[in-house]
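The chain is numbered in sequence order, starting from 1.
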Amino acid sequence: MTTGLIEAIARFSPTLPLAVAFSGGADSTALLLACAEKWPGQVTAIHIHHGLQVAADDFEHHCRIFCAQLDVPLTVRKVDGRHATGQSPEDAARRVRYQAFEAVALEADTPYVVKNIALAQHADDQVETLLLALSRGSGLPGLSAMPATWIRAGISYHRPLLGVRASDIRTWLTERGVTHIEDPSNADEQFTRNRIRARLLPVLKATFPQFRDTFTRSAAHAAQAHAVLLEVAAQDRALVGTPPVITLIQSLSHPRQANMLRDWLNKTYNVVPSAAQLAELLNQIAACTTRGHQIHIKVGLGFIKRKGRFLGWYNL
């Protein structure tokens with residue numbers, strides 16, 4: 001169910017002090033302002049300077065002025081947001097952002113110990129994430145879209161605006177007379193997310209007026225189902241051992257084998273197999289009934305191999 005920004009912030013109760021990821025755009029401006037007003041003296045801001053646009057220095061300057069007006073301490077972190085060949089620009093930027101957040105958390109000269117960070121993604125972002133996952137044929141992790149809270153590298157992240165429409169955020173800023181940055185890259189339709197926002201969301205609104213609520217509810221159902229699968233995977237990993245014993249893997253049903261193997265690779269090696277790689281691995285495990293049967297399948301930047309009774313993943 002979508003709500004207004006004020007209602008969302010009223011329900012938001014993180015551990016203080018709180019850092020807000022602040023780009024200077026409409027969404028993070030509204031989040032920073034609302035949080036600073038609710039918890040005066042307990043909020044700081046973090047601006048990530050990606051260096052990808054000519055106007056990046058202007059964005060930083062705007063953020064410094066706005067934070068000074070709010071009397072909110074600002075930490076600026078400059079990163080190299082360029083993407084490698086074959087890497088998604090959005091994924092590259094996201095990775096360096098989180099690395100920057102973690103680096104800020106370790107700095108001794110930041111205004112607060114950074115253990116809680118609020119991000120400004122909203123209901124429209126959630127729908128876009130779900131549609132991207134559907135377009136890629138994602139499983140439950142992708143269909144769960146973005147979590148409202150999670151922990152990474154000892155930092156608790158929060159998305160308090162996931163139930164708030166983008167249009168409501170901008171209306172709130174307009175009513176307050178607050179200015180913000182308009183990032184020109186958000187209108188660049190070479191990016192799939194921007195095409196979804198510009199072309200698909202208006203059609204969905206005309207066809208299914210409540211699509212934000214229903215799509216968000218579907219993502220929540222997927223997240224709940226995924227949580228159950230993670231619990232089952234943990235139980236099955238305890239059963240098959242570490243490293244996993246092939247005969248014990250074979251004792252599981254086919255779906256539980258797949259679920260356990262995905263979890264093992266992800267949790268142990270930070271590797272996510274493709275659907276084709278996982279299907280081949282399952283076939284090889286099923287065929288592994290003699291001592292001489294070998295398993296050697298490329299997954300990520302390494303290989304899954306049989307070593308005696310066990311499976312292992314090895315770097316190239």
Side-chain angles (χ1 to χ4, degrees), residues 4-6 8-81 93-94 96-122 125 149 152-162 164 166 168-186:
L5 183 142
I6 296 303
I9 296 300
R11 291 197 302 268
F12 183 36
S13 56
T15 301
L16 299 175
L18 175 71
V20 175
F22 181 45
S23 69
D27 311 322
S28 63
T29 296
L31 179 60
L32 178 60
L33 177 58
C35 289
E37 290 180 343
K38 183 175 181 179
W39 299 292
Q42 293 290 306
V43 175
T44 186
I46 303 173
H47 177 73
I48 308 300
H49 185 306
H50 291 90
L52 296 175
Q53 301 188 52
V54 175
D57 289 339
D58 295 334
F59 295 168
E60 178 188 335
H61 181 65
H62 169 90
C63 291
R64 289 189 182 279
I65 292 174
F66 187 77
C67 287
Q69 292 171 345
L70 291 183
D71 195 24
V72 167
L74 172 68
T75 298
V76 175
R77 191 79 180 187
K78 295 190 176 182
V79 300
D80 183 355
R94 182 169 55 253
V96 296
R97 266 199 306 276
Y98 283 109
Q99 290 169 0
F101 292 148
E102 291 161 17
V104 170
L106 296 173
E107 290 178 350
D109 58 349
T110 49
Y112 301 117
V113 176
V114 177
K115 290 297 182 183
N116 286 272
I117 298 179
L119 308 175
Q121 283 94 356
H122 46 67
D125 293 322
T149 61
R152 170 178 169 148
I155 300 172
S156 295
Y157 290 91
H158 310 269
R159 292 188 175 107
L161 305 184
L162 277 185
V164 183
D168 291 343
I169 292 172
R170 290 175 177 267
T171 297
W172 186 79
L173 288 175
T174 300
E175 291 172 349
R176 298 288 300 268
V178 177
T179 59
H180 57 84
I181 292 169
E182 290 290 356
D183 187 340
S185 69
N186 289 334

Of all heavy-atom pairs linking V43 and P73, the shortest is O-CD, 3.5 Å

Might you point out which heavy atoms bring L119 and Q121 nearest each other, and give the distance in Å? CB-OE1, 3.2 Å

Could you grab the distance from atom NE2 of H180 to atom CG of L173, nearest 0.5 Å is fine? 5.5 Å

Rounded to the nearest 0.5 angstrom, the CD1-OG distance for I48 and S23 is 10.5 Å

Contact summary for L32 and T44, nearest pair of heavy atoms: CD1-O, 4.4 Å

Taking F12's backbone N and O only, do any of them form a donor-acceptor pair with K38's side chain (distance below 3.5 Å, no angle check)? yes

If every non-hydrogen atom of V164 is compared with every non-hydrogen atom of G4, which pair is closest and at what distance? CG2-O, 3.8 Å

Look up atom CG in L31 and atom CG in L161, then write down how far apart they are to the nearest 0.5 Å. 5.0 Å

Residues H122, D125; criterion side chain to side chain donor-acceptor pair (under 3.5 Å); working and verdict: CA-CA 5 Å; H122 46 67; D125 293 322; 3.2 Å; yes

In short, salt bridge (Lys or Arg N to Asp or Glu O under 4.0 Å) pairs touching residues 169-179 with sequence neighbours left out are E37-R176, R170-E182

Atom CZ of F59 and atom NE2 of H49: how far apart are they, to the nearest 0.5 Å? 9.5 Å

Least distance between heavy atoms, G24 atom then T29 atom: O-OG1, 3.2 Å

Considering all heavy atoms of both residues, which atom of I9 and which atom of A34 are nearest to each other, and what is their separation? CG1-CB, 3.7 Å

Strictly distance-based, threshold 3.5 Å: is any side-chain N or O of H47 a donor or acceptor partner for the main-chain N or O of F22? yes

Enumerate, atom names and distances included, each donor-acceptor pair closer than 3.5 Å involving a side-chain atom of residues 62-69, sequence neighbours excluded.
from, atom 1, to, atom 2, distance (Å)
R64, NE, E60, OE2, 3.0
R64, NH2, E60, OE2, 3.0

To the closest 0.5 Å, what do you measure between CD1 (I169) and CG (D27)? 4.5 Å

Given the rule in the side chain to side chain contact (heavy atoms under 4.5 Å, CB included) test, do V178 and L33 qualify, once you have shown the distances and angles that lead to the verdict? CA-CA 9 Å; V178 177; L33 177 58; 3.8 Å; yes

From CD1 (I117) to OH (Y157), nearest 0.5 Å: 4.5 Å

Can you confirm whether F101 sits close enough to I46 that some side-chain heavy atom of one is under 4.5 Å from a side-chain heavy atom of the other? yes

Mind running side chain to side chain contact (heavy atoms under 4.5 Å, CB included) on L18 and Q42 for me, showing each step along the way? CA-CA 6 Å; L18 175 71; Q42 293 290 306; over 6 Å; no

How about H158 and N116: do any of their side-chain heavy atoms sit closer than 4.5 Å? yes

